[in-house]
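Values reported hereafter were calculated over all heavy atoms of this structure, with side chains retained and with hydrogens, waters and symmetry mates removed. Everything quoted here is computed from the prediction, not taken from an experiment.
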Amino acid sequence: MAVRLLVIGSGGREHTLAWKLAQSPHIQQVLVAPGNAGTANCGKISNSEVSVSNHSILAQFCKEHSVGLVVVGPEVPLAAGMVDDLQAAGVPCFGPSAKAAQLEANKSFSKAFMDRHGIPTANWCSFTDPQEACSYIRTASFPALVVKASGLAAGKGVIVAKDQEEACQAVLDIMKVSLWWWRNCWREKKTLSLCAQHAIVCPSVCPLSVNQMSICVQVSQELLQQITETVLQKTVDGMKEEGTPYVGVLYAGLMLTKQGPKVLEFNCRFGDPECQVLMPLLKSDLYEVLQSTLEGKLASSAPEWHQDSSAVTVVMASPGYPGSYKKGVAITGLSQVEETGVQVFHAGTSLKEGGVVSSGGRVLTVTAVRSSLEMAVHAANRGVAAVGFPGAVYRRDIGHRAIAHLTQHRGLTYKDSGVDIAAGNRLVDMIKPFAKATSRSGCNAELGGFAGLFDLKAAGFIDPILVSGTDGVGTKLKIAQACQQHSTLGQDLVAMCVNDVLAQGAEPLFFLDYFSCGRLDVGVASAVIRGVAEACGLAGCALLGGETAEMPGVYGPGEYDLAGFCVGAVERGALLPRLGDICEGDLLIGVASSGVHSNGFSLVRKVLERAGVTYSSPAPFGKPGQTVGEVLLTPTKIYSRLLLPILRSGAIKAYAHITGGGLLENIPRVLPQELSVDLDASRWIIPPVFSWLQEEGGLCEEEMGRTFNCGLGAVLVVAFPDAQRVLRQLQAHEDAWIVGSLAHKQPGERRELKYAYSTVPRKRTRVGTNLQALMEQAKRTSSSAEIVVVISNQPGVLGLKRASLSGIQTRVVDHKLYGSRAEFDSTIDHVLEEFDVEVVCLAGFMRILTGSFVRKWNGKLLNIHPSLLPSFKGVNAQKQALQAGARVTGCTVHFVAEEVDAGAIIAQEAVPVLMNDTEESLSDRIREAEHRAFPAALELVAGGGVRLGDDGRVIWNPNAQG
């Protein structure tokens, strides 16, 4: 059963604990009280406003909200007995009791405890009278004095005095003090342990300054064992002997002296920022570790840590800290830095007007985990540089001592330069079975040789031509790396190459991949290449070989690049495109894409940035529950198994892979120079992601068509007689549509494709113009109407193309060629008479007709208006309805009269006006109503159900058909 968990605190430590706990499959939700901007509504993590000072209220809250475990972060609630009170109320809680927390809360108790149990520490004296303390200081025989407040001081209650006067002044400032002194001091070191009868040591951390922390690399296993035995285990045993068992985190600050490690002080909780260094290195499930500690099972289930990794954390503080500082300073660059694989933990932050602002002294901690300390330092510093708030204070020399220590104590290896040969060998061993599974006729896909072999004769070829293709996946890589989702990129890579080879009619035979990185992460690389192998299986080609290049300094941490190479073969007589066979009247069949595929992602990322959307945001497109990253990483479709049988049938004259350059540039690549393309985007389903990109990016239709596939991954050129048969073959396995046709270019016309893409549909509903709705109605066998001609005053418009594709005659009567409206109307009249037209529907015809024309066609001329006439006549009817506060509007089909929008009404459909309607959204819904009302009105008139009387009123015939 999934657990709801509560973390107490508001700093970077608490954000880190919540972040790590949320990764556990046992955890349903992590509440943080009071939390900060980083813990506010972040996946499983959210903030709670429950009071943490009133333990009774807190216990009641935990019971009412089924909180299965409380984890206490700061020292103050521990010392105040929060753990005791919650456990007494039956609420499980991780942390030491108030008595055990005296190890931190009461320095005098702590020092006396260490003396009682032989735990090495500095000589010390405790005072409650400041005069006695100063007298002691002035008579001391040693120069170095440390003055420490006995109680809690949030890490700021210690003064390392340079002389006796400064020490005395510190005493007067603090009042109640403990004093201790060191001779021959060495370096400070901090060790955390999880305690429940046994002390289990965590990796040691080194404080590099008030605002830096890194994993100590100078501490040997022997020294760690000594610390465990002489300090940590003795402390746990001593607490048990004194009747105060210690359960929780024990954090020892140590000085490494010539006499061995000595305790500087104890803390009874995860350190801050030490926690931010440790948690990213923890391999085990933190929730399971805490449970094992509480249940006393820690000795048998010690936590595991990521090996061969180094962590560095840099604290970014407000200017003036630890003194006075300004709050409410805006913080920028947080989403960008996390895309680099560096983790930002919030401390003193809050949300204000949708942005993150500073609210404390320690503001952020930036943590990087890499394979070497040098790389971790570099990554952390890059992360800090990417985050911005004015005057941020942080150190820039982090980790330099540790790096120098490493360099001085051993010779260099190839691995020191960043190339791990052993990791490369492990990768090859891991991917060999994946490649072997792709064996096919012609090769056995055995990795390990200098080159791969393929036997064309064994594959069944007689007179083959080899076809090769190479490609990558572009900046889709950046999204995969940011989302830590690498397994789908292999299919993208294979698809981009295989689909290109198919364009020549070739069968893909074998594939080679190239994986390059700055540092080889075997897990990531194997996930990518396994995806390549699985995609090769889908494509029917063998993964014959590849190259893994580890190039330190060329790529940033976590970055890699991919390239693929596919070789196919086609019999000489089956090579595509067949340019000599392609002719006017041939049809285009589009095959559905899975989404954006692998082109245009630089523009996609720019649109996301402009819209303020992250990869983890809920997708405003795609399936419910999907994130933006998940939708965008949908792999590219591989078309080889679908298309090869149809290509071999000879019915396909050309095939265009819709890759970089989108629809506008790829289709013309497979056509003769003298032909152009009429493409109608209303004829296929356009995935919602393209609608969103166009709207949020403000992208024009040409930009969409020149950048994206817009829902078509492949376009086939077929002869008119073969089109329906090919379409049925495709539709048995995949969505496909007839999307356009070929025509001779007009004189002076460029080779570019004509693209009718007026608006990207927002829903998966195919809706055309009123003309389209009328044509679809007339196609029905039950219809009383037949559309015999479509007339436009502008050449090349979408309505003419739709009519032509439906087999309807078209005419263009260009108003610019006539000297008067009367001449123009007279010409239209002649065309209508030529086709024996009985009823005229004005479907988007915006020219004003003369009175004589209207009178001649009185009772035969229909129009539609976007309101419930007689309300809101004229232009901008939707705007008028909104301004008037109308609750209902709609559309009206009417006979045309000489007065605008005054003819007798044939049919109306109401459309409610919603509270949040805009002119655009209202127009969209009215347009849908028009597509129903206009065909219905046409049937009424054509079937004799309605006619216009001599008095200008509608006469109904209830006995008529339809």
Side-chain angles (χ1 to χ4, degrees), residues 12 15-16 19-20 22-23 38 42-43 213-215 273 276-283 305-316 332-346 364-388 394 398-399 418 420 423 427 473-489 515-528 548 550-562 601 605 608-609 614-617 627-630 632-633:
H15 185 188
T16 309
W19 168 82
K20 188 64 179 177
Q23 297 172 14
C42 180
M213 196 65 57
S214 70
I215 292 298
Q276 290 89 304
V277 183
L278 286 173
M279 288 301 101
L281 291 174
L282 179 62
K283 187 176 182 179
W305 303 88
H306 291 292
Q307 302 300 312
D308 300 322
S309 294
S310 296
V312 170
T313 291
V314 179
V315 178
M316 302 182 72
T332 60
L334 293 172
S335 59
Q336 288 86 343
V337 70
E338 290 188 359
E339 289 182 11
T340 67
V342 172
Q343 188 66 42
V344 178
F345 297 112
H346 291 237
L364 300 169
T365 51
V366 180
T367 298
V369 178
R370 297 292 185 267
S371 61
S372 69
L373 185 59
E374 294 95 329
M375 293 174 67
V377 167
H378 178 69
N381 288 336
R382 284 184 61 194
V384 168
V387 178
Y394 55 90
I398 184 170
D420 190 340
L427 175 63
V473 298
T475 54
K476 191 172 187 178
L477 281 168
K478 300 290 287 185
I479 298 177
Q481 290 161 8
C483 297
Q484 294 293 297
Q485 175 59 50
H486 312 284
S487 59
T488 59
L489 290 176
F515 181 97
S516 56
C517 57
R519 173 201 169 252
L520 181 60
D521 184 319
V522 174
V524 170
S526 63
V528 173
T548 302
E550 193 171 17
M551 299 184 287
V554 176
Y555 299 94
E559 294 181 350
Y560 57 85
D561 200 3
L562 290 173
F601 274 92
R605 290 166 57 232
L608 293 178
E609 179 184 334
T614 65
Y615 302 133
S616 59
S617 301
T627 65
V628 169
E630 287 170 343
L632 294 178
L633 290 175

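- Side-chain contact between K20 and L282 is present, with at least one heavy-atom pair separated by less than 4.5 Å.
- By the 4.5 Å heavy-atom criterion applied to side chains, Y615 and T627 are not counted as neighbours.
- The two residues Y555 and S516 have their closest heavy-atom pair at OH-OG, 2.7 Å.
- The shortest side-chain heavy-atom distance between L632 and F601 falls under the 4.5 Å cut-off.
- Listed for the S309 side chain is no donor-acceptor partner under 3.5 Å among the backbone atoms of V369.
- Partners of H15 according to the ring pair (Phe, Tyr, Trp, His ring centres under 6.0 Å) rule, which considers only residues two or more places apart in sequence or in another chain, are F345, H346.
- Atoms OG1 and CD, on T365 and Q276 in that order, are 4.0 Å from each other to the nearest 0.5 Å.
- How far CG of L562 is from NE2 of H486: 11.0 Å, rounded to the nearest 0.5 Å.
- Judged by distance alone, with hydrogens and angles left aside, the side-chain atoms of E559 form no donor-acceptor pair with the main-chain N or O of G518 at under 3.5 Å.
- Nearest heavy-atom pair across L633 and T488 is O-OG1, 3.4 Å.
- Looking at R519 and M375, their side chains come closer than 4.5 Å, going by heavy atoms from C-beta outward.
- Residues A379 and P557 approach most closely at CB-CG, 3.9 Å, considering heavy atoms.
- Remark: the backbone N or O of R605 is not paired with any side-chain donor or acceptor of K478 at under 3.5 angstrom.
- Atoms CG and CG, from L427 and D521 in turn, are 10.0 Å apart once rounded to the nearest 0.5 Å.
- In terms of heavy-atom proximity, V314 sits nearest to A380 at CG2-CB, 4.2 Å.
- Of the possible polar contacts, none joining the Q343 side chain to the G341 backbone as a donor-acceptor pair under 3.5 Å is found.
- A distance of 8.0 Å separates CD in Q485 from CD in E630, rounded to the nearest 0.5 Å.
- The closest side-chain heavy-atom distance from L334 to V387 is below 4.5 Å.
- Separation of atoms NZ (K476) and CG (L489) is listed at 7.0 Å; rounding is to 0.5 Å.
- We find the OG1-CD distance between T475 and Q481 to be 10.5 Å, quoted to the nearest 0.5 Å.
- Nearest heavy-atom pair across G523 and S526 is O-OG, 3.0 Å.
- Taking 4.5 Å as the limit, every side-chain heavy atom of T367 sits out of range of all side-chain heavy atoms of T16.
- The side-chain heavy atoms of Y394 and V366, taken from C-beta on, include no pair separated by under 4.5 Å.
- Closest approach of L281 and A311 over heavy atoms only: CD1-CB, 3.7 Å.
- Side-chain contact between D420 and L520: absent, with no pair of heavy atoms (C-beta onward) separated by less than 4.5 Å.
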